Amino acid sequence: MKLRKVTAASAVLLALSVTATACGGDKKDDGADSSGGGNKITIGIKFDQPGIGQKTPQGYSGFDVDVATYVAKKLGYNADQIEWRESKSADRETMLKRGDVDFIAASYSITPERQKLVDFAGPYLLAHQDVLVRADDSSIKSPADLNNKKLCSVTGSTSAQNVKEKLAPKAQLQQYPTYSACLTGLQNKVIDALTTDDSILAGYAAQSQFKGKFKLG
């Protein structure tokens with residue numbers, strides 16, 4: 001169920017604080033050299049999105065990680081100079097404003113409101129919004145079926161609010177701190193559906209421990 005009436009496409013972008021004068025803004029690195037690289041660069045990513053940005057026992061992986069690593073290299077930093085920082089949806093603008101990170105690559109959809117707070121570079125990935133439901137749930141086949149259902153997304157994300165405002169006004173919006181928390185709620189039948197970009201949902205559904213348990217709506 002591609003929710004194309006909600007958003008034609010979700011643009012995932014690199015984000016910098018609008019007050020920054022360079023990649024790191026006012027943040028100084030005592031080890032910076034004349035090429036622009038320094039001792040380290042701090043990059044915000046998601047830690048719980050398989051295929052996009054994920055922290056594993058082996059390290060960090062996903063498309064956002066690959067893109068961020070490439071950008072860091074162009075800025076003069078090697079992979080071992082990158083410090084990865086978890087950037088939850090609700091914290092991204094604050095982290096940029098405080099200078100906690102030099103830039104963020106964390107499935108960051110562009111909106112007019114966010115453009116007032118951060119600068120976006122890209123896009124480097126286009127995604128459509130979709131819904132993830134339990135494989136044995138046949139009650140949700142269209143956006144309208146989300147009415148009176150418990151719909152989950154993360155605090156600071158626009159996905160669930162888009163559905164509630166434009167397609168299913170009676171949906172019971174549940175906001176969790178992370179998508180993995182939403183996924184646990186979906187698995188335990190505490191919530192009925194999880195909505196965000198289809199690329200993120202596909203990553204969850206493809207994990208070996210979840211094979212056959214979920215389906216894209």
Side-chain angles (χ1 to χ4, degrees), residues 7 10-32 36-56 59-125 127 152-162 175-183 195-197 199-200 203-204:
T7 52
S10 175
V12 184
L13 308 168
L14 292 177
L16 309 171
S17 170
V18 294
T19 60
T21 57
C23 181
D26 295 331
K27 194 162 134 182
K28 303 297 182 183
D29 189 334
D30 293 337
N39 289 336
K40 68 177 182 178
I41 185 170
T42 305
I43 303 173
I45 59 170
K46 294 291 180 63
F47 278 11
D48 66 337
Q49 293 183 350
I52 302 296
Q54 185 178 28
K55 181 179 181 180
T56 70
Y60 301 91
S61 63
F63 187 67
D64 277 345
V65 175
D66 293 341
V67 170
T69 301
Y70 175 82
V71 172
K73 184 177 180 180
K74 291 296 183 180
L75 293 172
Y77 297 90
N78 297 320
D80 59 2
Q81 292 177 288
I82 298 174
E83 178 183 332
W84 301 106
R85 190 74 59 85
E86 183 176 19
S87 299
K88 296 179 181 179
S89 295
D91 300 333
R92 290 175 297 199
E93 289 87 5
T94 301
M95 292 179 72
L96 287 165
K97 185 176 181 180
R98 287 195 309 232
D100 295 342
V101 293
D102 293 303
F103 69 85
I104 287 176
S107 58
Y108 206 172
S109 300
I110 187 171
T111 67
E113 291 76 18
R114 288 172 179 168
Q115 283 184 302
K116 297 175 183 177
L117 302 173
V118 299
D119 284 335
F120 288 97
Y124 59 83
L125 174 66
C152 189
S153 196
V154 301
T155 306
S157 173
T158 59
S159 299
Q161 197 62 46
N162 281 340
Q175 297 190 72
Y176 285 23
T178 63
Y179 288 114
S180 54
C182 281
L183 194 68
T195 184
T196 186
D197 294 344
S199 55
I200 297 172
Y204 285 130

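Note that the structure is a prediction, hence the values are computed from the model and not measured.
- Gln81 contributes atom CD, which lies 12.0 Å from atom OG1 of Thr69 (distance to the nearest 0.5 angstrom).
- Between Phe120 and Tyr108, the ring planes lie perpendicular to each other; the angle is over 60°, past the 30° to 60° tilted range.
- Asp100 CG to Ser87 OG: the interatomic distance, rounded to the nearest 0.5 Å, is 8.5 Å.
- Leu183 CG to Ile200 CD1: the interatomic distance, rounded to the nearest 0.5 Å, is 12.0 Å.
- Here the CG-CZ distance, from Leu75 to Phe103, works out to 6.5 Å after rounding to the nearest 0.5 Å.
- For the residue pair Leu125 and Ser199, the shortest heavy atom distance occurs at CD2-OG, 4.2 Å.
- Not one N or O on the side chain of Asp64 forms a donor-acceptor pair closer than 3.5 Å with the backbone of Gly53.
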Passes side chain to side chain contact (heavy atoms under 4.5 Å, CB included), Phe47 versus Lys88? Steps please. CA-CA 8 Å; Phe47 278 11; Lys88 296 179 181 179; over 6 Å; no
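- Counting all heavy atoms, side chain and backbone alike, Ser109 lies closest to Asp197 at OG-OD2, 3.7 Å.
- Judged by distance alone, the side chain of Thr42 and the main-chain N or O of Glu83 form no donor-acceptor pair under 3.5 Å.
- Of all heavy-atom pairs spanning Gln115 and Ile110, the tightest one is NE2-CD1, 3.4 Å.
- Separating the CD atom in Gln49 from the OG atom in Ser180 is a distance of 9.0 Å, to the nearest 0.5 Å.
- Across all their heavy atoms, Tyr179 and Ser89 have their closest contact at CE1-OG, 4.5 Å.
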Applying side chain to side chain contact (heavy atoms under 4.5 Å, CB included) to Arg92 and Arg114, what does each step give before you reach the verdict? CA-CA 10 Å; Arg92 290 175 297 199; Arg114 288 172 179 168; 3.3 Å; yes
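- Lys46 and Thr178 share no donor-acceptor pair across their side chains, judged by distance under 3.5 Å alone.
- Minimum heavy-atom separation, Tyr176 to Cys182: CD2-N, 3.5 Å.
- Here CZ of Arg85 is found 9.5 Å from CG of Asp102. Values are rounded to the nearest 0.5 Å.
- Between Gly44 and Val101 the shortest heavy-atom distance is N-CG1, 3.8 Å.
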